[in-house]
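Since the structure is predicted, the reported quantities are computational estimates derived from the model, not experimental observations. When a ligand or atom number is given, it counts from 1 through the structure's own listing order.
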Amino acid sequence: MKKNNTAPTAVPCFGDTKIENHRLIVGGCDAAELAKKYGTPLYVFDVNYAVKTAAAYVNVLKREYPESTVCYASKAFCCTAIYKLLAPLGLGADVVSGGELFTALNGGMDPKKIYFHGNNKSEAEVKYAIESGVGYFVVDSLHELELISKHAKTPQNVLFRVNPGVEAHTHRFIQTTTPDSKFGFSIADGTAESVILSAQKYNNINFVGIACHIGSQIFEPQSFEIAIDKMVDFIVRLNSLGITVERLDLGGGFGVHYVAEDKPLTPEQYMAGSAKYLAASVQNRGIKKPHLIFEPGRSIVGEAGVTLYTVGAIKTIKDIKTYAAVDGGMFENPRPSLYDARYTAVVADKADCECDTLYSIAGKCCESGDILIDGIKLPELKSGDILATFTTGAYHYSMASNYNRNFVPPVVAVKDGKSAYMVKPQTYEDLIRNDVIPEFSEDGK
Ligand code: LLP
């Protein structure tokens with residue numbers, strides 16, 4: 001086994017996780033005991049962390065910018081229970097598909113507080129959203145505007161997604177406002193202005209505002225300030241054309257800790273900073289204060305999540321590296337293979353023991369690229385150890401698949417030392433539920 005002094009030592013305790021007697025504790029529950037009770041791989045979700053963070057956002061905005069709504073970005077983690085937790089705190093929701101909308105409504109989200117995003121909503125989705133009484137569409141194409149107009153029986157509120165052209169420092173696939181982005185209408189080349197003007201011709205389209213989202217896992221508050229400057233300039237321009245902007249949606253994007261080098265601001269700092277900056281900017285420019293919408297996803301649920309795995313095969317490639325393979329992989333966490341995302345991990349019952357052995361944590365999918373952590377120092381591992389990775393509450397369950405016909409792991413909620421399913425485990429029958437042997441009729445039709 002290779003000993004190495006240069007790889008980072010695992011740094012635990014993101015979110016509200018703790019170590020007691022060398023054991024990792026999440027939401028008051030012993031992680032190794034959860035693994036024993038529910039099996040692995042297992043997503044564990046700390047309810048209090050998510051609720052605390054969401055409530056902090058709502059309170060900060062109430063104080064700094066009362067004309068506002070915090071919408072939870074469903075794509076980060078979508079299941080019925082999350083809306084049951086967040087809707088009572090006053091949050092609305094950002095959804096991007098009929099499926100997310102259905103789940104949000106099932107979880108008790110008020111449709112009037114739902115913003116329907118997405119660059120290519122289908123006609124069926126548009127119709128379903130209108131019939132459900134969705135408050136706002138965030139329009140991303142003229143095709144979509146036509147579809148809304150075709151189905152809306154009463155004037156439908158819409159915002160337009162615009163591209164303010166801000167390059168936030170994040171992975172290129174999670175940046176969204178580069179000039180060649182598929183999202184939004186460019187402010188710089190005049191497209192945004194002309195599509196907003198063209199919307200005036202529909203008598204069942206009620207233009208209420210503009211939206212942007214500059215990227216995700218952003219650490220610099222300046223990125224948001226630049227976006228606010230550009231959005232406010234654009235509002236001034238629209239006002240000069242006689243168009244009022246009632247709502248300004250600034251999207252999400254606040255960063256979280258995945259590894260020790262990540263230095264995000266606190267959720268409160270991100271939110272308060274941007275809200276104050278906008279309030280000052282609106283006052284300086286003498287424009288009507290728009291209703292402000294923020295759509296945090298990752299920063300509400302990311303650090304609430306821990307994933308538990310069982311270590312299986314341990315294999316040393318002589319003079320090169322030692323793989324410790326776990327029972328998860330890219331089917332339950334595709335982020336390392338998609339974005340080179342980095343994670344940290346601990347052994348659940350040796351969480352603060354000396355980490356002197358270097359491993360690559362491999363997943364179980366049939367792909368060489370299925371590596372969850374490429375180089376981490378841990379205590380010497382043995383098969384059967386429970387490994388815990390941090391900050392897995394956002395874009396893990398929601399991006400999971402049944403690749404290689406593995407099960408999407410269940411989600412167990414933890415709170416004050418208690419645990420219960422939030423998403424149940426799948427079964428082999430679930431995997432074949434929709435399988436059919438095609439039967440072709442005799443006449444060939
Ligand atoms: N609003 C809009 C319009 C968005 O497109 C997004 C994320 C959000 C809000 C929420 O952003 P957040 O606060 O979570 O950063 N799968 C990638 C992240 C893609 C994010 C896409 N849009 C990942 O795993 O990092």
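- A salt bridge is defined here as a Lys NZ or Arg NE, NH1 or NH2 lying under 4.0 Å from an Asp or Glu carboxylate O, and Lys289 with Glu67 meets this definition.
- Under 3.5 Å, the side chains of Asp416 and Asn48 contain a donor-acceptor pair of N or O atoms.
- Annotation: Tyr343 is in aromatic contact with His396 [ring centroid separation under 6.0 Å].
- Across all their heavy atoms, Arg335 and Ala394 have their closest contact at CD-O, 4.3 Å.
- Applying the 4.0 Å criterion to heavy atoms of Glu295 picks out, from ligand 1, the atoms 1 (N), 2 (C), 3 (C), 8 (C), 9 (C), 10 (C), 13 (O).
- Per-residue contacts place Met399 under 4.0 angstrom from the following atoms of ligand 1 (heavy atoms of the residue considered): 16 (N), 24 (O).
- Looking at Phe183 against ligand 1, nothing comes within 4.0 Å, counting heavy atoms.
- Close approach to Pro296 involves these atoms of ligand 1, each under 4.0 Å from a residue heavy atom: 13 (O).
- Ring geometry for Tyr128 versus Phe102: interplanar angle of 30 to 60°, hence tilted.
- The ring-ring contact (aromatic ring centres under 6.0 Å, His included) test with Tyr115 is passed by exactly one of Tyr136, Tyr72, Phe137: Tyr136.
- Listed by atom number, the atoms of ligand 1 under 4.0 Å from Arg161 heavy atoms are 3 (C).
- For ligand 1, none of its N or O atoms has an N or O atom of His117 under 3.5 Å away.
- By the 4.0 Å heavy-atom criterion, Ala76 is excluded from the residues contacting ligand 1.
- Proximity of Asp94 to ligand 1, defined as any heavy-atom pair under 4.0 Å, is confined to the side chain (atoms from C-beta onward).
- When heavy-atom distances to ligand 1 are checked against a 4.0 Å cut-off, His213 comes that close only through its side chain, counted from C-beta outward.
- Within ligand 1, counting atoms from 1 as listed, the ones closer than 4.0 Å to a heavy atom of Gly297 are 12 (P), 13 (O), 14 (O).
- Put simply, no part of Ser299 is less than 4.0 Å from ligand 1, judged by heavy atoms.
- The aromatic ring centres of Phe254 and Phe294 sit less than 6.0 Å apart.
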